[in-house]
There are 2 protein chains.
Amino acid sequence: MHSFTEENYLKAIYKLQETNGEVVATSALAQVMGVHAPSVTDMLKRMAGKKLVTYQKSKGVKLTERGRQVAVGIIRNHRLWEVFLVDKLDYKWDEVHDLAEQLEHIHSEDLTNKLDKFLGFPKADPHGDPIPDSNGVLPKSKAVLLSTLKINEQGTFTGVTDHTAAFLNYLDKTGFSLGDPIKVKGIEEYDQTYTLQLKGKKEVVVSFKVANSLLLSY
Amino acid sequence: MHSFTEENYLKAIYKLQETNGEVVATSALAQVMGVHAPSVTDMLKRMAGKKLVTYQKSKGVKLTERGRQVAVGIIRNHRLWEVFLVDKLDYKWDEVHDLAEQLEHIHSEDLTNKLDKFLGFPKADPHGDPIPDSNGVLPKSKAVLLSTLKINEQGTFTGVTDHTAAFLNYLDKTGFSLGDPIKVKGIEEYDQTYTLQLKGKKEVVVSFKVANSLLLSY
DNA sequence: TAATATAATTAGATTACCCTAATTTAATTT
DNA sequence: AAATTAAATTAGGGTAATCTAATTATATTA
Ligand SMILES: [Mn+2]
Ligand SMILES: [Mn+2]
Ligand SMILES: [Mn+2]
Ligand SMILES: [Mn+2]
């Protein structure tokens with residue numbers, strides 16, 4: 001099997017590829033992994049040897065198909081465990097990430113699938129992130145940022161792009177809840193502040209930073 | 001925190017102390033851990049430095065109080081996860097050990113306690129082994145080996161001393177089930193073969209090896 | 001007690017993962 | 001294009017956990 005460290009590198013590369021394009025830079029990886037650049041260079045050479053990534057000196061990395069499969073498998077584990085923690089053990093959505101970072105490395109496809117079944121084959125984790133199926137297929141999300149909506153447009157709150165506990169707490173406190181409808185009532189020209197109508201006619205005002213971290217679907 | 005390796009050494013030392021007396025030999029540990037003696041010597045020095053064990057050159061090891069606490073904590077995790085796997089995910093009792101060996105190293109007292117609650121505060125794991133409480137107190141078992149009973153004596157089947165899948169499968173197949181009553185109907189002088197009456201008048205004949213691996217309580 | 005056998009330790013290496021300092025390669029600016 | 005800045009790699013080391021071979025300490029037996 002793969003080491004936890006390898007798995008974490010794969011996950012990091014996968015996520016960087018998703019957001020920043022196909023080829024990932026050593027420095028970006030170093031930043032995400034919390035290590036220094038030479039450690040990354042070193043690791044990438046070993047991982048290339050195992051055919052988990054394709055690596056060309058000074059030209060960045062990409063995942064191989066195998067690497068992608070492993071990465072998505074870890075993400076599947078992570079999100080299923082998060083569902084378990086919230087649905088079964090009564091954790092809050094802002095408390096589960098670090099535990100899932102540990103649990104995602106339990107090696108057993110069979111366990112993952114039994115857990116999936118036990119949880120009722122959930123489609124998304126507690127933060128609205130889609131759960132890959134057992135074949136490593138991750139449904140393409142059609143959600144858009146709230147910050148792209150115009151006045152009087154609306155949608156259903158289905159995810160976040162900021163996963164920090166601080167932000168999630170703010171959402172709880174302010175009355176945002178996954179699955180609820182949100183309608184844009186106003187946008188302040190001066191500083192892009194959004195006035196939103198939440199479920200039950202409740203109106204709240206949020207900054208652009210917040211509007212830019214909420215995902216809506218139709 | 002402690003490394004998985006350290007935790008596995010602590011658990012091994014704990015179990016050897018339980019069965020073989022207070023002081024544990026390098027060779028015994030090497031055998032249980034599946035490594036060679038010099039690796040153990042090396043590890044014990046590091047663990048002594050961290051005050052997890054007291055180690056004297058060529059005189060064996062003992063756990064410190066801290067070491068014992070950690071060991072019992074791991075055992076608590078292990079047994080709770082085994083209950084989870086059997087009770088919630090429908091695993092069989094002979095399938096859960098290796099998974100629990102991984103899950104026991106998830107570091108979170110809070111998770112352990114929430115899991116305990118979710119499972120209804122079980123007293124024993126699927127093999128009848130007692131689950132330490134959150135203070136690290138492990139109830140002293142009063143169970144005895146079936147092989148110590150005389151003819152016509154009886155008890156309740158509450159545990160095993162052989163945890164191998166092979167043995168557990170044999171028990172399933174032969175009709176043994178945790179919690180059932182067992183009565184000794186006969187003991188063959190020649191080879192110590194036991195004739196037992198299981199639940200529902202069913203009679204079975206088992207070898208001494210089997211009789212010596214079953215724990216009964218009254 | 002002396003001789004022998006067993007157990008444990010030391011010596012010297014290896015692998016995975018990480019570091020700092022120095023150097024090289026690539027990108028940007030003048 | 002040359003100079004400068006930024007990014008990446010190489011060189012050389014460190015620690016945790018393991019190994020084999022050689023040595024020393026303990027236990028057993030004659
Ligand atoms: Mn997460
Ligand atoms: Mn999540
Ligand atoms: Mn077990
Ligand atoms: Mn067990």
Side-chain angles (χ1 to χ4, degrees), chain A residues 1-13 16-17 19-63 66-67 70-71 74 101-102 104-105 107, chain B residues 1-13 16-17 19-63 66-67 70-71 74 101-102 104-105 107:
Chain A
M1 260 324 95
H2 310 106
S3 70
F4 287 16
T5 306
E6 272 172 359
E7 293 181 349
N8 286 332
Y9 270 90
L10 290 173
K11 209 175 28 144
I13 296 167
L16 286 167
Q17 282 191 302
T19 51
N20 297 23
E22 208 194 348
V23 56
V24 173
T26 301
S27 52
L29 206 41
Q31 146 115 66
V32 171
M33 293 299 297
V35 300
H36 291 232
S39 311
V40 173
T41 302
D42 200 47
M43 188 67 182
L44 291 180
K45 284 177 183 169
R46 278 195 304 273
M47 288 172 71
K50 296 181 181 178
K51 310 281 186 203
L52 292 169
V53 299
T54 57
Y55 165 70
Q56 279 185 292
K57 192 165 138 174
S58 293
K59 295 222 165 69
V61 246
K62 301 177 204 174
L63 292 181
R66 271 230 315 124
V70 175
I74 303 295
E101 288 286 313
Q102 295 185 57
E104 70 189 6
H105 301 292
H107 290 127
Chain B
M1 258 326 95
H2 310 104
S3 69
F4 287 16
T5 306
E6 272 171 0
E7 292 181 349
N8 285 332
Y9 270 91
L10 290 172
K11 209 175 31 148
I13 296 166
L16 286 166
Q17 282 190 302
T19 51
N20 298 23
E22 207 194 349
V23 57
V24 173
T26 300
S27 52
L29 252 181
Q31 145 115 69
V32 171
M33 293 299 296
V35 300
H36 291 232
S39 312
V40 173
T41 301
D42 202 49
M43 188 66 181
L44 291 181
K45 285 177 182 168
R46 278 195 303 272
M47 289 172 71
K50 297 180 181 179
K51 310 279 188 208
L52 293 168
V53 299
T54 56
Y55 165 70
Q56 280 185 293
K57 193 163 134 174
S58 292
K59 295 224 164 70
V61 246
K62 301 177 204 175
L63 293 180
R66 267 226 322 123
V70 175
I74 303 294
E101 288 286 313
Q102 295 186 57
E104 70 188 5
H105 300 293
H107 289 127

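The structure presented is a predicted model; accordingly, all values stated were derived computationally and were not measured. Proteins come first, then strands; the chains are lettered A, B, ... in the order of their sequence lines, and each starts at number 1.
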* Please find the earliest and latest nucleotides of DNA chain C, in the 5' to 3' direction, that have an atom within less than 4.0 Å of any heavy atom of chain B. =>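 Result: C/dA8 to C/dT10.
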* Between atom NZ of B/Lys50 and atom OG of B/Ser3, what is the distance when rounded to the nearest 0.5 Å? -> 6.0 Å
* To do: Please work out if B/Tyr9 contacts a base, only the sugar-phosphate, or nothing of the nucleic acid, heavy-atom cut-off 4.0 Å.
  =>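 Sugar-phosphate only.
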* Select base, sugar-phosphate, or nothing to describe what B/Thr5 touches, counting heavy atoms under 4.0 Å on all strands. =>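 Touches sugar-phosphate only.
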* Who pairs with A/Ser27 by side-chain contact (heavy atoms from CB on, under 4.5 Å), at least two apart in sequence or on another chain? -> A/Ala25
* To do: Look at B/Ser3 and D/dA17 and indicate whether a side-chain polar atom (N or O) is within less than 4.0 Å of OP1 or OP2.
  =>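 So the side-chain polar atoms of B/Ser3 do come within 4.0 Å of the phosphate oxygens OP1 or OP2 of D/dA17, strictly under.
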* Is there a side-chain polar atom (N or O) of B/His36 under 4.0 Å from OP1 or OP2 of D/dT18? ->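 Answer no for this pair, as no side-chain N or O of B/His36 is under 4.0 Å from OP1 or OP2.
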Non-hydrogen side-chain atoms of [X] and [Y] separated by less than 4.5 Å:
X	Y	result
B/Lys11	B/Glu104	yes
A/Val70	A/His2	yes
A/Ile74	A/Leu10	no
B/Ile13	B/Leu44	yes
A/Val23	A/Lys59	no

* Quick one, give me the B/S/- string for nucleotides 8-13 of chain D, reading 5' to 3', where B means a protein heavy atom under 4.0 Å from the base and S means that only happens at the primed atoms, P, OP1 or OP2. => SBB---
* Classify the angle between the aromatic ring planes of B/Phe4 and B/His105 as parallel (below 30°), tilted (30 to 60°) or perpendicular (above 60°). => parallel
* **Spacing between A/Gln31 atom CD and D/dA6 atom P, to the nearest angstrom** => 16 Å
